[in-house]
Amino acid sequence: FEVTRKQSKLYKNHPDRFYVLRKDRPFDLIPANDKTALFPMSVRIIKIELEGGNTEYLLTNLPEERFDIALLKMIYHMRWGIETSFRYLKYNVALNYFHSCLRELIIQEFYARLILYNMTMLLISCVKVVQSGQNYRRKVSVSDAVVTCRYFLIQRIKNAEIRELLLKYLTDIRPGRKFPRKVRSKRFEALTNRT
């Protein structure tokens, strides 16, 4: 199919051959004011059988000759670590809300939180957790480690205390846990620092 920004009946009446972008939809390959350009796209849909009988559908533009279904399934599974890192960044480091309104300050806040996340993960990787006779293996809690690292950066914690504080808050590693995805709309969060 081809992607275009032109809102004509010719394109709208053939959704199998054309995808018409809305005016406010960003698309880097066609400028916002270009109404004549057509961008060709070729994708394939892959159905993957998961454990437990569930199916997952992947949409990709990778060539079929080099990337078969088994390889795409492995790549998709490897991507889970990246998704976990984004979850830590969004919720534990609070990267989904900003205090600033100016673009430069938002960028500064983003990089500050990214540095905090990287430092936290570095500290967690340096701490060795001794496994006791528990049912599950244990690891350092990332949310508590972010708070500890933040206090360390503003010099409320001494260097000698970091290891003990990180080992104080441990969480169980429970492999194979599955939860249904919670789909809910994003609510507006007001900036209360403006009056």
Side-chain angles (χ1 to χ4, degrees), residues 3 21-22 24-29 41 43-52 54-62 67 69-129 136-154 162 165-193:
V3 180
L21 293 169
R22 294 192 326 244
D24 58 342
R25 179 66 53 113
F27 189 68
D28 294 338
L29 303 170
M41 290 190 75
V43 295
R44 63 184 174 130
I45 299 174
I46 298 165
K47 180 179 177 181
I48 295 177
E49 297 289 332
L50 300 176
E51 297 171 4
N54 294 334
T55 57
E56 188 87 23
Y57 293 95
L58 302 178
L59 184 72
T60 182
N61 62 351
L62 296 173
F67 296 93
I69 294 176
L71 182 60
L72 284 172
K73 186 176 181 180
M74 184 189 72
I75 291 171
Y76 184 72
H77 180 69
M78 289 171 49
R79 209 174 150 253
W80 188 248
I82 297 169
E83 297 291 334
T84 307
S85 297
F86 276 121
R87 188 187 73 211
Y88 289 147
L89 272 169
K90 280 177 68 177
Y91 300 112
N92 295 37
V93 187
L95 197 58
N96 53 349
Y97 298 114
F98 295 102
H99 296 92
S100 308
C101 297
L102 298 174
R103 181 185 178 97
E104 293 81 17
L105 297 178
I106 291 174
I107 292 171
Q108 179 182 356
E109 197 171 342
F110 173 80
Y111 281 119
R113 291 179 184 179
L114 197 59
I115 290 169
L116 175 67
Y117 170 76
N118 286 336
M119 184 175 172
T120 303
M121 290 298 147
L122 182 65
L123 285 175
I124 288 174
S125 68
C126 293
V127 173
K128 182 168 174 33
V129 177
Y136 297 107
R137 293 182 55 228
R138 304 192 45 107
K139 66 176 183 173
V140 175
S141 171
V142 175
S143 57
D144 294 318
V146 167
V147 174
T148 303
C149 196
R150 187 178 293 135
Y151 283 145
F152 171 71
L153 288 174
I154 57 177
I162 293 176
L165 282 173
L166 289 175
L167 289 174
K168 185 177 179 182
Y169 302 104
L170 299 177
T171 183
D172 294 335
I173 301 173
R174 295 186 174 133
R177 290 182 82 183
K178 294 180 179 154
F179 298 102
R181 183 175 289 172
K182 296 178 183 175
V183 179
R184 57 180 182 248
S185 61
K186 188 78 171 162
R187 291 183 29 194
F188 171 72
E189 292 289 332
L191 289 172
T192 56
N193 60 348

*Note, V146 side chain near Y117 side chain (heavy atom, < 4.5 Å)*: no
Exercise. Taking the side chain as every heavy atom from C-beta outward, state whether T60 and V43 have any atom pair closer than 4.5 Å.
Key: no
Note: L167 and K128 closest approach over all heavy atoms is CD2-O, 4.0 Å
Separation between CG (L89) and CG (N118), nearest 0.5 Å, reads 8.0 Å
**Report entry** H99 side chain reached by L105 side chain, heavy atoms, under 4.5 Å
**Finding:** no
When every non-hydrogen atom of A145 is compared with those of I124, the smallest separation belongs to CB-CD1, 3.7 Å
Output for pair (I75 CD1, K73 NZ), nearest 0.5 Å, gives 13.5 Å
Review point. How far apart are the C-alpha atoms of Y76 and L72, what are their side-chain angles, what is the distance that settles it, and do they pass the side-chain contact (heavy atoms from CB on, under 4.5 Å) test?
Key: CA-CA 6 Å; Y76 184 72; L72 284 172; over 6 Å; no
All heavy atoms of M41 vs all of V3, minimum pair found to be SD-CG2, 3.5 Å
Checking I162, V147, T120, L165 against F152 for side-chain contact (heavy atoms from CB on, under 4.5 Å), the one that qualifies is I162
_M74, CE atom: more than 12 neighbouring heavy atoms under 6.0 Å_ = yes
- Task: Please check if atom CD1 in I45 has more than 12 non-hydrogen atoms from other residues, nucleotides or ligands closer than 6.0 Å.
- Result: no
For this session: Given side-chain contact (heavy atoms from CB on, under 4.5 Å), test H77 with I48 step by step and report yes or no.
Result: CA-CA 11 Å; H77 180 69; I48 295 177; over 6 Å; no
Worksheet item: Would you say K139's side chain and V129's backbone share a donor-acceptor pair under 3.5 angstrom?
Response: no
Practice problem: Check step by step if side-chain contact (heavy atoms from CB on, under 4.5 Å) holds for V93 and Y88. | Solution: CA-CA 6 Å; V93 187; Y88 289 147; 5.5 Å; no
In this structure, CZ of F67 is separated from CG of L58 (nearest 0.5 Å) by 13.0 Å
Review point. Would you call E83 and R87 a salt bridge, taking side-chain N to carboxylate O under 4.0 Å as the test?
Key: no
Taken to the nearest 0.5 Å, the spacing of N92 CG from D144 CG works out to 9.0 Å
*asked:* Given 3.5 Å as the limit, does a donor-acceptor pair link the side chain of R113 with the main chain of K90, or not?
replied: no
The reported gap from OG in S141 to CG in L166 (rounded to nearest 0.5 angstrom) is 10.0 Å
Value for CG (L153) from CZ (R150), rounded to nearest 0.5 Å, stands at 9.0 Å
Could you give me the CA-CA distance, side-chain angles and deciding distance for I69 and K47, then say whether side-chain contact (heavy atoms from CB on, under 4.5 Å) is met? CA-CA 8 Å; I69 294 176; K47 180 179 177 181; over 6 Å; no
